[in-house]
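Below: one structure, written as structure tokens.
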Amino acid sequence: MSLEADVADLWNRYQDGLTAADASDADAAVIDEFLAALEAGEVRAAEKTGDDVTSWEANEWVKRGILLNFGLRETEPREYGGVTYHDVLPLRDTDDLAERGTRNTPDGTAIRRGAYLGSDCIMMSPSFVNMGAYVGDGTLVDSCDTVGSCAQLGENVKLGANTLIGGVLEPVEDAPVIVEDGVSLGAGCRVTSGFRVGENSIVGENTLLTPRIPVYDLVEEEVLYGHLPAERRAFTRMVESSVGDHELFEGGAYKPAVVATHVEEDTLEATRREDALRE
């Protein structure tokens with residue numbers, strides 16, 4: 001059978017009550033093979049089915065395979081940096097990174113099993129990439145960054161320091177956070193709950209992108225939820241809240257929103273200067 005069929009069969013048995021204690025060596029081989037496929041970039045937690053950023057869809061069988069690695073493994077003591085920790089999975093073997101020109105700096109870069117890093121990536125310490133995440137070629141993961149479970153980062157993405165890319169495992173039909181090719185996220189950004197960022201967009205520092213916060217797209221003059229279109233410059237602004245006037249809020253209550261405009265050439269030039277890090 002194919003890997004997808006093996007995972008489907010194992011998932012059905014897990015739903016019927018299969019436990020880590022009951023799992024056989026053959027079952028363990030399936031979830032080990034699945035992890036290797038994730039780490040090689042052969043399978044991904046989500047795929048783009050059309051031209052627009054809204055066309056990303058979850059690969060349910062892949063997310064089920066990830067959940068099986070939690071459900072059918074026992075927590076064990078493990079060692080990292082001379083410290084004992086307890087988890088169902090070890091950290092990822094990084095021997096394959098050097099041959100692709102990818103580097104991770106010492107003292108705090110942690111890559112969990114089942115994560116993929118492409119060629120010419122940079123991981124600065126401390127930073128963390130979780131299981132099922134996909135980090136495309138040439139992407140920079142800066143200090144204090146977290147790339148959550150199943151998050152999909154495209155090529156030549158720049159994550160500013162202290163940026164959080166949220167993870168989405170359940171429900172399995174929900175697409176994870178998507179950051180497409182060429183996106184630059186300023187320091188302190190938060191992208192959560194399956195939000196999708198279109199290619200070549202530039203997001204200002206400390207911006208929160210989540211489906212619950214409206215995006216006021218001044219290019220197409222519409223209000224969007226859950227995604228930022230391609231080639232936008234986005235930043236946080238405060239807008240009037242539906243709470244309106246209230247005695248506890250002098251001058252009215254306000255809530256955060258995201259404003260999106262055209263990407264300007266001088267903004268693009270500022271992000272290009274960072275390419276000197278790779279020369």
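- With Arg64 contributing its side chain and Asn59 its backbone, the two residues share no donor-acceptor pair below 3.5 Å.
- A side-chain donor-acceptor contact under 3.5 Å links Thr210 and Arg212.
- Comment: Glu180 engages Lys48 in a salt bridge, judged by a side-chain N to carboxylate O separation of less than 4.0 angstrom.
- Residues passing the ring pair (Phe, Tyr, Trp, His ring centres under 6.0 Å) test with Tyr134, sequence neighbours excluded: Tyr116.
- Side-chain atoms of Thr19 come within 3.5 Å of backbone atoms of Asp22 as a donor-acceptor pair (strictly under, hydrogens ignored).
- Between the side chain of Asp137 and the backbone N or O of Ser119 there is at least one donor-acceptor pair closer than 3.5 Å.
- Formation of a donor-acceptor pair under 3.5 Å by the Arg196 side chain with backbone atoms of Ile178 is not found in this model.
- Looking at Leu153, Val183, Val197 one by one, the single match for side chain to side chain contact (heavy atoms under 4.5 Å, CB included) with Val191 turns out to be Val197.
- Residues passing the ring pair (Phe, Tyr, Trp, His ring centres under 6.0 Å) test with Trp11, sequence neighbours excluded: Tyr14.
- We find that Asp87 and Arg113 are not joined by a salt bridge, their nearest charged nitrogen and carboxylate oxygen being 4.0 Å or further apart.
- Checking Thr109 against Ser125 by side-chain atom types alone, no donor-acceptor pair falls below 3.5 Å.
- The backbone N or O of Ala29 lies less than 3.5 Å from no partner atom in the side chain of Asp32, so there is not a single donor-acceptor pair.
- Heavy atoms from other residues, nucleotides or ligands lying under 6.0 Å from CG of Asp107 number 12 at most.
- In this structure a side-chain-to-backbone donor-acceptor pair under 3.5 Å is present from Asp145 to Thr163.
- Using modelled atom types, one side-chain atom of Ser201 and one backbone atom of Glu231 make a donor-acceptor pair closer than 3.5 Å.
- When every heavy atom of Val168 is checked against every heavy atom of Cys150, the shortest pair comes out as O-CB, 3.7 Å.
- Counting only distance, with no hydrogens or angles, the side chain of Arg100 and the backbone of Leu117 share a donor-acceptor pair below 3.5 Å.
- In summary, Asp27 and Arg13 engage in a salt bridge, as defined by a charged side-chain N under 4.0 Å from a carboxylate O.
- Without hydrogens or angle criteria, Asn12 side chain to Ala8 main chain gives a donor-acceptor distance under 3.5 Å.
- Distance alone, capped at 3.5 Å, is enough to place a donor-acceptor pair between the Asp181 side chain and the Glu155 backbone.
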